[in-house]
Novice: 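Handing you a structure now.
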Amino acid sequence: MGLPFFQINGTNRLRGQVRIGGAKNAALPIMAASLLCEGEVILHDVPRVADVAFLGELLGMLGVEVERRPDGALRLVVQDEMNCQAEYDIVRKMRASICVLGPLLAKRHKAQVAMPGGCAIGDRPVDLHIRAMRLLGADVELVSGDIVGKAKKLRGTEMFLGGPFGSSVLGTANAMMAAVLAEGTTVIEMAACEPEIVDLADFLNKCGASISGQGTPRIIIEGVRELKGCEYRIIPDRIEAGTFMVAAAITNGELDLENCRLDHLLAFVDRLAAVGVQVERKGELVTVSSSRRLEPIEVTTQPFPGMPTDLQAQLMALLCLADGNSIITEKIFPDRFLHVAELSRMGARLHKAGPTVIVQGVKRLVGAPVMASDLRASAALVLAGLAARGTTRIHRIYHIDRGYERIDEKLRGVGAEIERLEGDQE
Ligand code: UD1
């Protein structure tokens, strides 16, 4: 028995209805925020993906009882506040582990979190996280690869949280989670505006926090003494929704998406419209269809409300089949182009120059064995495989299982020929 891989026979038109799950990137910081709460936290729509399992494991080590209830909800209760250490073995599996830093410092007054290293999408610093903790009054040092922090008491302050690439999503999450229990008022300038940050703030407010301005670059937090637990539903995953939009477009199909928030995807839908893909709201559903030629476009990734970097690779797969040359520029993670080499193996014509890729549209893609390199890049390979003539095998699909719940089953349900097989071809 070897590692699982996907085998896709392409060119089937996808048709039917797909339910979009809860957002992984909203669920992770909200799960970490349970460290701040006195009572029980019940979360609905937490996706069953590997990253959620990793964070559950880490929270378990930090004394949180984490359990899936029979109704699918995730229940988290802090049982023991002794351990304050997130070890490298778990942090290296998932960079989002960094979001226990703020809650641990705020609630347990100390934290030791292994420094996450770089990853396949490039160098990923954590300086903004550390800056935020220091500004709130924590004493933070780097000791043999760990971020070690102490804070008798955190104090509210004004902070500017912008870096060379703009705001930081998890940096903002950490600052907000630390500030909720700080003494006094905290103002975060250049806060991330992503819907996942709004979701975290809404969750914290439901637990008794006093946060305003979420969704804007200025978030204001009035510290409170304690947070209780609450019952909360995670927002729909905009990246999963965008991925299925491309699945419909790239196969000339038509999909109805359930549990899809168009207001979280306006920049992406704008780019799809320029390509010639129709996205319409029909009552509770969002219908995506494409039956005509695809126009080439220019697109640049930006922080929210701009075009998300997490959909760049998937959009590239679509633009490979456009009638002309497209230009994709990555402004968040300039090295996030590992999918370029793999898509090229499938017949794409891509020319990379620094943070920009020129996509020369081709008439067709052809199936090939390819290797997944990171979460969203692997989604792009699945999409390319759905459109390609012949058979595509995608190896190292543990990357895709980190963030997409049963993507193969969901695609099969709307007519794709995709199987999860096991073998030893690498
Ligand atoms: C989150 C998302 C990820 C998404 C990214 C950008 C989660 C679990 N992950 O990651 O899927 O691709 O937002 O939308 O929610 N930076 C610094 N210093 C820091 C932190 C970040 O310079 O301390 C830089 C990064 O290198 C990058 C940019 O800021 O260029 C944005 O990164 P950031 O928003 O922090 O990404 P994450 O929160 O890690």
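Since the model is a prediction, treat every value here as computed from it, not as a measurement. Just follow the structure's listing: the first ligand is 1, and inside any ligand the first atom is 1.
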Novice: Among L28, V169, L128, whose heavy atom sits nearest atom 34 (O) of ligand 1?
Specialist: V169
Novice: For ligand 1, which atoms have a heavy atom of H129 less than 4.0 angstrom away?
Specialist: 23 (O)
Novice: Please say whether I332 places an N or O atom under 3.5 Å from an N or O atom belonging to ligand 1.
Specialist: yes
Novice: Counting only heavy atoms, which portion of S167 has something under 4.0 Å from ligand 1: side chain, backbone, both, or neither?
Specialist: backbone
Novice: One residue to check: F333. Relative to ligand 1, which of side chain, backbone, both or neither has a non-hydrogen atom less than 4.0 Å away?
Specialist: side chain
Novice: Could you report the tightest heavy-atom contact between V126 and P116, atom names first, then the distance?
Specialist: CG1-CG, 4.0 Å
Novice: Which pair of heavy atoms, one from R68 and one from P47, lies closest together, and at what distance?
Specialist: NH2-O, 3.2 Å
Novice: For ligand 1, which atoms, with element, lie under 4.0 Å from some heavy atom of T309?
Specialist: 6 (C), 12 (O), 14 (O)
Novice: Can you tell me how far the CG atom of D374 sits from the CZ atom of R396, to the nearest 0.5 Å?
Specialist: 12.5 Å
Novice: Measuring from atom 19 (C) of ligand 1, which candidate in S168, C99, G306, P125 has the nearest non-hydrogen atom?
Specialist: P125
Novice: Checking side-chain contact (heavy atoms from CB on, under 4.5 Å) against C84, which of K110, K107, Q112, K150 comes through?
Specialist: K110
Novice: One residue to check: I130. Relative to ligand 1, which of side chain, backbone, both or neither has a non-hydrogen atom less than 4.0 Å away?
Specialist: neither
Novice: Against heavy atoms of R336, which atoms of ligand 1 measure under 4.0 Å?
Specialist: 12 (O)
Novice: Looking only at heavy atoms of Q312, does any of them come nearer than 4.0 Å to an atom of ligand 1?
Specialist: no
Novice: Step through the shown structure and confirm whether more than 12 heavy atoms of other residues, nucleotides or ligands are within 6.0 Å of CZ on R349.
Specialist: no
Novice: Between CE of M31 and NZ of K24, what distance do you get to the nearest 0.5 Å?
Specialist: 11.5 Å
Novice: When rounded to the nearest 0.5 angstrom, what distance separates CD1 in I130 from CG in N174?
Specialist: 10.0 Å
Novice: I want to confirm something. Looking only at heavy atoms, which of N25, T301, L170 is nearest to atom 38 (O) of ligand 1?
Specialist: L170
Novice: Shortest non-hydrogen contact from G21 to E240?
Specialist: N-OE1, 2.8 Å
Novice: Touching ligand 1 at all, E196? Heavy atoms, strictly under 4.0 Å?
Specialist: no
Novice: Taking only heavy atoms of D310 into account, list the atoms of ligand 1 that are under 4.0 Å away from them.
Specialist: 3 (C), 4 (C), 11 (O), 12 (O)
Novice: Measure across S373 and L338 and return the closest heavy-atom pair with its distance rounded to 0.1 Å.
Specialist: OG-CB, 3.4 Å
